[in-house]
Structure formats: structure tokens, C-alpha cells
Amino acid sequence: MVHKATFNSDNYPNGQTIELACGHISLTKIEFVNENITANVEAKTGEVVFYDSEAKKCLSTKIETPLLGDEKFSEVKCIVEGEQIKLGFPQYTYKDNYPHCDGEHDRWTKTISGFNFLCYDFKNNCIVE
């Protein structure tokens with residue numbers, strides 16, 4: 001199974017944070033409607049695969065997942081600038097709520113402290129450093 005999301009760069013010129021599937025299902029397919037590109041993001045492994053409008057694989061890469069906390073991405077920030085799709089992978093900080101918690105489900109508060117961006121040039125089919 002795959003979680004599906006859509007990003008419209010005309011509606012969000014400054015970007016939009018999209019929630020990723022990160023439970024039993026951890027693959028999210030993000031359709032960039034104006035760019036005719038789809039990105040599959042695997043929240044638990046950090047694998048990212050870009051496809052063209054005909055579902056042909058263009059490029060794949062891997063982002064290092066967080067080493068602390070739940071060791072997965074919960075969201076990604078999508079931005080399109082010119083001919084680049086930028087995927088912002090969060091850097092997280094964690095706050096321990098013990099002893100003021102009801103169990104493991106609310107033990108930790110996860111906060112985004114910044115983003116590491118993966119920049120994909122969809123015209124030249126390459127990652128931009």
C-alpha cells in the first residue's frame with residue numbers, strides 16, 4: 001500500500017509541509033502536478049525515487065534517517081524553485097515528558113528544529129549539491 005499526496009507549486013510558492021506515512025505503511029507518493037514529476041518517499045529508510053509523468057524511473061537516492069527518537073521521518077517540506085524540486089527532510093529535537101506522561105505514546109515530544117534539503121533538478125535529471 002502507498003499513501004498518496006499532491007503538491008501544487010502554484011498554490012504554495014513558499015512550500016508546503018506534507019505528512020508522510022510512517023507507521024505500518026511508510027511509503028508516500030507525492031505528485032508534483034505542475035512539474036509532471038512524482039516522488040516516492042520511504043519514511044523509515046530514507047529512500048527517494050523520482051518518476052516522470054509516464055511512471056518511468058528517473059533517479060533514486062537515499063537520505064540518512066534520524067538516528068535518535070523514532071528513527072523515521074514524519075513529514076517532508078516540498079518546494080519548487082525554477083527547475084528544482086526541493087524536499088526538506090526535518091531535523092528533529094526530542095523532549096522527554098517523564099514523569100508527566102500517561103505512557104510511551106506521550107512520553108516524547110518531537111519538534112522540527114530545521115530542514116536538510118534534497119534538491120532535484122528535474123530538467124537535467126540530477127541531484128544539485
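In this chain, residues are counted from 1 in sequence order.
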Quick one: side chains of residues 122-129, donor-acceptor pairs under 3.5 Å with protein atoms, not counting sequence neighbours, listed by atom name and distance.
| from | atom 1 | to | atom 2 | distance (Å) |
| --- | --- | --- | --- | --- |
| N124 | ND2 | D121 | OD2 | 3.0 |
| N125 | OD1 | Y120 | OH | 2.7 |
| N125 | ND2 | C58 | O | 3.0 |

Residue list, side chain to side chain donor-acceptor pair (under 3.5 Å) with N40, at least two apart or on another chain: none

Hphob cluster co-occupancy, L20 + I37, side-chain heavy atoms under 4.5 angstrom: yes

Residue pairs passing the salt bridge (Lys or Arg N to Asp or Glu O under 4.0 Å) test where at least one lies in residues 43-61, sequence neighbours excluded: none

Contacts of Y51 that satisfy ring pair (Phe, Tyr, Trp, His ring centres under 6.0 Å) - sequence neighbours left out: none

Shared hydrophobic cluster, V49 / I85 (ILVMFWY, side-chain heavy atoms < 4.5 Å): no

Non-neighbouring partners of S53 that pass side chain to side chain contact (heavy atoms under 4.5 Å, CB included), sequence neighbours left out: N36

Results of side chain to side chain contact (heavy atoms under 4.5 Å, CB included) for T65 - residues two or more places apart only: F73

CD1-OG distance between I79 and S9, expressed to the nearest 0.5 angstrom: 11.5 Å

Chi angles and distances behind the side-chain contact (heavy atoms from CB on, under 4.5 Å) call for V41, I30: CA-CA 8 Å; V41 179; I30 305 169; 4.2 Å; yes

For V33, the rest of its hydrophobic cluster, which grows through side-chain links under 4.5 angstrom: none

Separation of F89 CZ from S74 OG (nearest 0.5 Å): 12.5 Å

Test log, rule side-chain contact (heavy atoms from CB on, under 4.5 Å), inputs I25 and V2: CA-CA 7 Å; I25 298 169; V2 176; 5.9 Å; no

Salt bridge (Lys or Arg N to Asp or Glu O under 4.0 Å) partners of residues 67-95, not counting sequence neighbours, each pair once: D70-K110, E81-K86

Closest non-hydrogen atom pair between C22 and A43, with its separation: CB-CB, 3.9 Å

Qualifying side-chain hydrogen bond (donor to acceptor under 3.5 Å, both in side chains) pairs, either residue in residues 11-30, two or more places apart: S26-E42

F32 versus A39, closest heavy-atom pair with distance: CE1-CB, 3.9 Å

F7 side, atom CZ; D10 side, atom CG - distance, nearest 0.5 Å: 9.5 Å

Interatomic spacing from CG in L68 to CD in Q91 - rounded to 0.5 Å: 12.0 Å

By ring pair (Phe, Tyr, Trp, His ring centres under 6.0 Å) - contacts of Y92 (at least two apart): none

Those residues that, when tested against D96, pass salt bridge (Lys or Arg N to Asp or Glu O under 4.0 Å) (two or more places apart): R107

Side chain to side chain contact (heavy atoms under 4.5 Å, CB included) partners for D106, two or more places apart: C101, D102

Among V48, N116, L87, side chain to side chain contact (heavy atoms under 4.5 Å, CB included) partner for I63: V48

